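Remarks on the structure that follows.
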Amino acid sequence: MKGSNLPRLELHIPEPPSRPDTEVDFSHVNRGKAGAVRRPDIAAPEAEMRDLPYELIRVLDDENAAVGPWDPKLSADTLIKGLRAMMLTRAFDDRLFRAHRQGKTSFYMKSTGEEAIAAAQSMALDKGDMFFPTYRALAWLHARNYPLTTLCNQIFSNAEDPLAGKQLPILHSARAYDFYSISGNLGVRFVHAVGWAMASAYKNDTKISLAYVGDGTTAEGDFHEAMTFAAAYRAPTILCVTNNQYAISSFAGFAAPERLPFAAKALAYGFPGIKVDGNDFLAVWGATQWAAERARTNNGPTLIEFYTYRAEGHSTSDDPSAYRPKDEAKHWPLGDPVERLKGHLIALGEWSEEQHEALAGELKEKVKVAVKEAEAIGTLGQSKPPIDEMFEDVFEELDWRLKEQKAELHSRREGRD
Ligand SMILES: Cc1ncc(C[n+]2csc(CCOP(=O)(O)OP(=O)(O)O)c2C)c(N)n1
């Protein structure tokens, strides 16, 4: 308006707290106090839990002791199994990332720093509960001893690839391990998980579903659709946001206002949201147990935000030093999940540096053997699944078009066109 003294409008462009040429700044991270957040009864009305998403649920304190009401009180044996699953994930990631640099696979993604989440959830949930993962959740499979060679065969797209070379490396599918097929399109499986949970309830079954999205993926419409359906039908599901602070180079402030916990989004849909230290194996387990009990007793869905940090690059195609300080990971205020669980076990007198060292060596060797086995079958381009496989499973049966295309391929290959 001419002559008006209204201020000019300004578009807010979110700016990450740190850049490659600035000091690391995590002053916005409020760690709270381990053990301080209350644990409501699973049947408590949603209206009485609206403070929860604004607190951070933690069990392991700075002295590596397990404190507070969310402590799942696990046996040392279970904790060691969890530690092993996380360490195996890390050893596998390191070796397969290198395999990419050696030209043995076209692509890889690590989950460094986020291992506690899928490892604890894989162990805390029951066989037959269905997990709808992202590409950063292989700890689920490692916790259930999925054959490492089979994982490598998929990553090398070789003749023994269980997905017959049809998927990008690491988009695994393992139904027998309750691990739903990963797809490249972000967010779509969040909705599938809710539908799966609705089906389980419709059939009066006892199984629940669990689904992941990253912080960036919450900006997809599928997130909203899944939340809406989960709320309306009180679906027995656990919906998780793995907030690792980044979506490739975009910091989490692009997907939600910087001061709003992703967990708080649940409030608008009418079910509880909790924010959990994702680098704390015990807190992940305790929170999952609570949400699972709620789902299994018809108290409906829960949204869990796992607060964590993507310690490495987004993928083999990414160089994080282009958009964040090189040493940022070292300063993450919630530390490293492997180191914290290790520290806890040592504090309990159930583990030692020597045992840790020995296990790390053993797992490294185990991964090496599996990679060698897969390499003997073939790495990228050296060995391929049978070519006819590409026509299979488009439909349940080949239709006439696919039959024609398959015949054409063969006649061309035989030089008869
Ligand atoms: C629908 C869709 N849009 C964009 C992409 C490209 N893409 C792949 S990963 C990614 C970032 C996802 O970030 P986030 O959800 O935070 O998960 P994170 O990788 O940090 O675990 C993007 C944009 C995609 N795969 N699918």
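As the structure is a prediction and not an experimental result, all values here were calculated from the model. Only heavy atoms go into these numbers, but all of them, side chains included; no hydrogens, no water, no symmetry mates. We count residues from 1, following the sequence as given. Ligands are counted one by one from 1 in listed order, and the atoms in each one are counted from 1 as well.
- Distance from atom 9 (S) of ligand 1 to its nearest protein heavy atom, with residue and atom name: Y135 OH, 3.1 Å.
- The nearest heavy-atom contact from the protein to atom 25 (N) of ligand 1 is G184 O, 2.8 Å.
- Side-chain N/O atoms of Q154 and D161 include no donor and acceptor closer than 3.5 Å.
- Residue, atom and distance of the protein heavy atom nearest to atom 15 (O) of ligand 1 are T217 OG1, 2.5 Å.
- Using a 4.0 Å heavy-atom cutoff, I248 is listed among the residues neighbouring ligand 1.
- In the vicinity of N244, heavy-atom distances shorter than 4.0 Å reach the ligand 1 atoms 18 (P), 20 (O), 21 (O).
- A247 CB, 3.2 Å is the protein heavy atom nearest to atom 13 (O) of ligand 1.
- Of all protein heavy atoms, the one lying nearest to atom 1 (C) of ligand 1 is E220 OE2, 3.4 Å.
- With respect to atom 20 (O) of ligand 1, the closest heavy atom belonging to the protein is Y246 O, 2.8 Å.
- A salt bridge (Lys or Arg N to Asp or Glu O under 4.0 Å) with R144 holds for exactly one of D126, D129, D178; it is D178.
- Not a single heavy atom of V213 sits closer than 4.0 Å to an atom of ligand 1.
- Taking the six-membered ring where the residue is Trp, the centroids of Y108 and F97 are separated by 6.0 Å or more.
- Looking only at protein heavy atoms, the nearest one to atom 24 (C) of ligand 1 is L186 CG, 3.5 Å.
- Under the 4.0 angstrom criterion for non-hydrogen atoms, T242 is not in contact with ligand 1.
- For an aromatic pair to be called close, the ring centres must be under 6.0 Å apart, and Y135 with H172 fails this.
- Two rings, from F107 and H100, have their centers 6.0 Å or more apart.
- Nearest non-hydrogen protein atom to atom 21 (O) of ligand 1 is R136 NE, 2.9 Å.
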Start with the C-alpha distance between E373 and T149, add both sets of side-chain angles, then the distance that settles side chain to side chain contact (heavy atoms under 4.5 Å, CB included), and finish with yes or no. CA-CA 6 Å; E373 268 172 30; T149 310; 2.8 Å; yes
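- Between Y246 and F251, the distance from one ring center to the other does not fall under 6.0 angstrom.
- Annotation: cation-pi geometry not satisfied between R136 and Y212 (NZ/CZ under 6.0 angstrom from ring centroid, within 45° of ring axis).
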